[in-house]
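Have a look at the structure below, then the notes.
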Amino acid sequence: MKDWQEIRTASYVARFGTVSEAAKELGVHRATVVRHIDTLETRLGEKIFRRHSSGYSTTELGAELL
């Protein structure tokens, strides 16, 4: 599956609620996490996360996907 890495990254963001914590757990730079989320949302044509000052939360589509 072409989107596996992006979906895995999205699951970590959903679990931990922040890009920084997801990046730490995945062992990658936070820019990589943001790029994976952006790539996945572009492919889906819809947002899967709501961005808040305190972190990320899933949209309805994001919850369904994950």
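Quick note: residue numbers are just sequence positions, from 1. Note: hydrogens, waters and symmetry copies are ignored here, and every other heavy atom, side chains too, is used.
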Give, for atom CZ of Arg30 and atom CZ of Arg35, the distance between the pair rounded to the nearest 0.5 Å. 12.5 Å

Looking at Glu6 and Arg43, is any side-chain nitrogen of the basic one under 4.0 Å from a carboxylate oxygen of the acidic one? yes

Please tell me if the side chains of Thr18 and Val13 come closer than 4.5 Å, counting only heavy atoms from C-beta onward. no

Any side-chain heavy atom of His36 within less than 4.5 Å of one from Leu40? no

So, for Ala14 and Leu66, which heavy atoms are closest and what is the spacing to 0.1 Å? CB-CD1, 3.5 Å

Going by the side chain to side chain contact (heavy atoms under 4.5 Å, CB included) test, name the single residue among Thr59, Thr58, Leu61 that passes it with Phe49. Thr58

Looking at His29 and Ala31, would you say the former's side chain and the latter's main chain have a donor-acceptor pair under 3.5 Å? yes

Measure the shortest side-chain to side-chain distance between Thr9 and Val28 over non-hydrogen atoms and say whether it is less than 4.5 angstrom. no

Return the NZ to OH distance between Lys47 and Tyr56, rounded to the nearest 0.5 Å. 9.0 Å

At what distance, to the nearest 0.5 angstrom, does CG of Leu26 lie from OG of Ser11? 7.5 Å

Given 3.5 Å as the limit, does a donor-acceptor pair link the side chain of Thr42 with the main chain of Asp38, or not? yes

Is there a side-chain contact between Arg8 and Tyr12 (heavy atoms, below 4.5 Å)? yes

With a 4.0 Å cut-off on N to O distance, would you call Arg51 and Glu41 a salt bridge? yes

Between OG1 on residue Thr39 and CD on residue Gln5, distance to nearest 0.5 Å: 11.0 Å

